[in-house]
Amino acid sequence: MTFPEFKHLLFETDAEGIALLTINRPDKLNALNNKVLEELDTAISLTEKSDDIRVLIITGAGEKAFVAGADIKELSSLNRESGEKASSAGQQIFNRIEQCSKPVIGVVNGYALGGGAELAMACHIRIATEVAQIGLPEVSLGLIPGYGGTQRLPRLVGKSKAMEMILTGQPVAADEAKTMGLVNDIKPADKALDHAKKLATAMIKNGPLALSHAISAVNASQSKHGFAREASLFGRLCETEDFKEGTSAFLEKRKPAFKGH
Ligand code: CO8
């Protein structure tokens, strides 16, 4: 599959099936303007469509920031109607990331503020670098988080801590983020991407259908229908070739060759 030229994204894939998406606007600390969001949406569609991509890693260009938020210059001209529309549109893109049928790992390599923290939270797994600062400072601009942060932060860290972070607007450093379960792990800046790739490699060994169904079932844990969804997806997998191959390979003491159907 050929990929389009992006203005603010770098999008590369390797032979193993790992796609690396770098938000590339370092002079503005990778702030999410409309163009970045539009390109992000396209990159998610490509990830879903391409059989060559098995895992997506998202990070930010430069040494300072993952993403320092939505572009405040663009935000400043929003009114009631356009504000609600922009919030919904961004939520839809971040929901697509959360619901992506392939694992998405965020490498949070510096500031992840406002929309940047919300993007990181939409990823399935987060690896932070030691200098990462994660926070939702929207109240300091007279706003609230608008790309799903009021929903995802309490799910990840609990209501009390989420309230504290959202109401003070103050960020947490990487070690505190790990303690509260906001990030999975902390690595030095020059090792974080390699660590994410190791996780990706471990995931790629497994059946693609099992991965997509696991993501869907875990996502459903946040709805009251989660148990039913888990049972239904489990049943669906039981009639796949990958299931037959995985169990046969174990019983025959060989490595499975999954085909994704
Ligand atoms: N938007 C636009 N430009 C930004 C942003 C941003 N969020 N963050 C940084 N920049 C720009 C700066 O303006 C500066 O540009 P220039 O060189 O042209 O003046 C450049 O990036 C470098 O930034 P600084 O000079 O400020 O760098 P420092 O190291 O001094 O400070 C900080 C780094 C602390 C990260 C600082 O840049 C900062 O506070 N940035 C803003 C952080 C913030 O408030 N983020 C939340 C924004 S609101 C949001 O994300 C809402 C999401 C939901 C929206 C839903 C509806 C649309």
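Predicted model, so just to flag it, every value in this text is computed and none were measured. Ligands are counted one by one from 1 in listed order, and the atoms in each one are counted from 1 as well.
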- Asp27 heavy atom under 4.0 Å from ligand 1: yes
- Query: In terms of residue, atom name and distance, what is the protein heavy atom nearest to atom 39 (O) of ligand 1?
  - Reply: Leu113 CD1, 4.8 Å
- Query: Is there a protein heavy atom at a distance of less than 4.0 Å from atom 30 (O) of ligand 1?
  - Reply: no
- Considering only the protein, which heavy-atom contact is closest to atom 51 (C) of ligand 1, and what is its distance? Glu138 OE2, 3.4 Å
- Top protein contact for atom 5 (C) of ligand 1, by heavy-atom distance: Ala31 CB, 4.0 Å
- Query: In ligand 1, which numbered atoms sit nearer than 4.0 Å to a non-hydrogen atom of Gly114?
  - Reply: 46 (C), 50 (O)
- For ligand 1, which atoms, with element, lie under 4.0 Å from some heavy atom of Leu75? 48 (S), 57 (C)
- Report the C-alpha separation of Ser45 and Arg96 in whole Å, then their side-chain angles, then the decisive distance to 0.1 Å, and conclude whether the side chain to side chain donor-acceptor pair (under 3.5 Å) test is met. CA-CA 9 Å; Ser45 298; Arg96 292 189 68 209; 3.1 Å; yes
- Message: Using a 4.0 Å heavy-atom cut-off, which part of Ala68 comes near ligand 1: side chain, backbone, both, or neither?
- Response: both
- Message: Test side chain to side chain contact (heavy atoms under 4.5 Å, CB included) on Arg152 and Phe94; report intermediate values, then the result.
- Response: CA-CA 11 Å; Arg152 291 197 177 93; Phe94 288 15; 3.9 Å; yes
- Query: Going by the atom numbers of ligand 1, which of them fall below 4.0 Å from some non-hydrogen atom of Gly115?
  - Reply: 49 (C), 50 (O), 52 (C)
- Message: Is the shortest side-chain heavy-atom distance between Ile23 and His8 below 4.5 Å?
- Response: no
- Between the side chain of Lys102 and the main-chain N/O of Thr47, is any donor-acceptor distance below 3.5 Å? yes
- Message: As a test of the contact definition, would atom 35 (C) of ligand 1 count as having a protein heavy-atom neighbour under 4.0 Å?
- Response: yes
- Message: Test of understanding: given a 4.0 Å heavy-atom threshold, classify the contact between Lys28 and ligand 1 as side chain, backbone, both, or neither.
- Response: both
- Task: Give the residue and atom name of whichever protein heavy atom lies nearest to atom 1 (N) of ligand 1, and the separation in Å to one decimal.
- Result: Ile72 N, 2.9 Å
- Message: Please evaluate residues Asp242 and Lys259 with respect to the criterion salt bridge (Lys or Arg N to Asp or Glu O under 4.0 Å), reporting the C-alpha separation (whole Å), side-chain torsions for both, the decisive distance (0.1 Å), and the verdict.
- Response: CA-CA 6 Å; Asp242 276 2; Lys259 296 205 176 77; over 6 Å; no
- Query: Can a non-hydrogen atom of Lys64 be found less than 4.0 Å from any atom of ligand 1?
  - Reply: yes
- Message: Has Ser216 got a side-chain atom pairing as donor or acceptor with Ser212's backbone, closer than 3.5 angstrom?
- Response: no
- Item | atom 45 (N) of ligand 1: any protein heavy atom closer than 4.0 Å | yes
- Query: What protein heavy atom sits nearest atom 24 (P) of ligand 1, and how far off is it?
  - Reply: Leu29 CD1, 4.5 Å
- Note on the structure: In ligand 1, the atoms that come under 4.0 Å of a heavy atom of Glu118 are 52 (C), 53 (C)
- Task: Just need the protein heavy atom nearest to atom 53 (C) of ligand 1, so name the residue and atom and give the distance.
- Result: Gly146 N, 3.4 Å
- Might you work through the side chain to side chain contact (heavy atoms under 4.5 Å, CB included) test for Glu138 and Ile166, ending with a clear yes or no? CA-CA 8 Å; Glu138 283 89 343; Ile166 291 169; over 6 Å; no
- Item | From the candidates Leu141, Val139, Ile144, the one that places a heavy atom nearest atom 47 (C) of ligand 1 | Leu141
- Message: Quick one: does any side-chain atom of Asn219 pair with a main-chain N or O of Glu98 as donor and acceptor, under 3.5 Å?
- Response: yes
- Message: Could you check whether any side-chain N or O of Glu39 sits under 3.5 Å from a backbone N or O of Lys7, counting only pairs where one atom can act as donor and the other as acceptor?
- Response: yes
- Which atoms of ligand 1 sit under 4.0 Å from any heavy atom of Ala86? 57 (C)
- Task: For Asn30 and Gly60, indicate whether the former's side chain and the latter's backbone hold a donor-acceptor pair under 3.5 Å.
- Result: no
- Note the single closest protein heavy atom to atom 7 (N) of ligand 1, along with its residue, its atom name and the distance in Å. Ala70 O, 2.9 Å
- Examine the proximity of ligand 1 to Leu143 and report which part, side chain or backbone, both or neither, has a heavy atom under 4.0 Å away. neither
- Query: Taking NZ, NE, NH1 and NH2 as the nitrogens, is one of them in Lys28 or Asp71 under 4.0 Å from a carboxylate oxygen of the other?
  - Reply: no
- Query: Is the side chain of Glu48 donor-acceptor paired with the backbone N or O of Ser101 at a distance under 3.5 Å, no angle test?
  - Reply: yes
- Go through ligand 1 atom by atom and flag the ones less than 4.0 Å from a non-hydrogen atom of Pro137. 43 (C), 44 (O), 45 (N), 46 (C)
- Item | Minimum-distance protein heavy atom relative to atom 55 (C) of ligand 1 | Tyr147 CE2, 3.4 Å
- Query: If only atom types and distance count, is the side chain of Ser82 paired as donor or acceptor with the main-chain N or O of Leu78 below 3.5 Å?
  - Reply: no
- Note on the structure: In ligand 1, the atoms that come under 4.0 Å of a heavy atom of Ser87 are 56 (C)
- Could you tell me whether atom 19 (O) of ligand 1 has at least one protein heavy atom nearer than 4.0 Å? no
- Task: Considering only NZ, NE, NH1 and NH2 on the basic side and carboxylate oxygens on the acidic side, decide whether Glu176 and Lys161 come within less than 4.0 Å.
- Result: yes
- Message: Hydrophobic cluster membership, with links at side-chain heavy-atom distances under 4.5 Å among I/L/V/M/F/W/Y: are Phe11 and Ile97 in one?
- Response: yes
- Query: Atoms of ligand 1 less than 4.0 Å from Asp71 heavy atoms?
  - Reply: 1 (N), 2 (C)
- Looking at atom 41 (C) of ligand 1, would you say a protein heavy atom lies below 4.0 Å from it? yes
- Please determine if Glu130 and Lys191 form a salt bridge, counting it only when a charged side-chain N lies under 4.0 Å from a carboxylate O. no
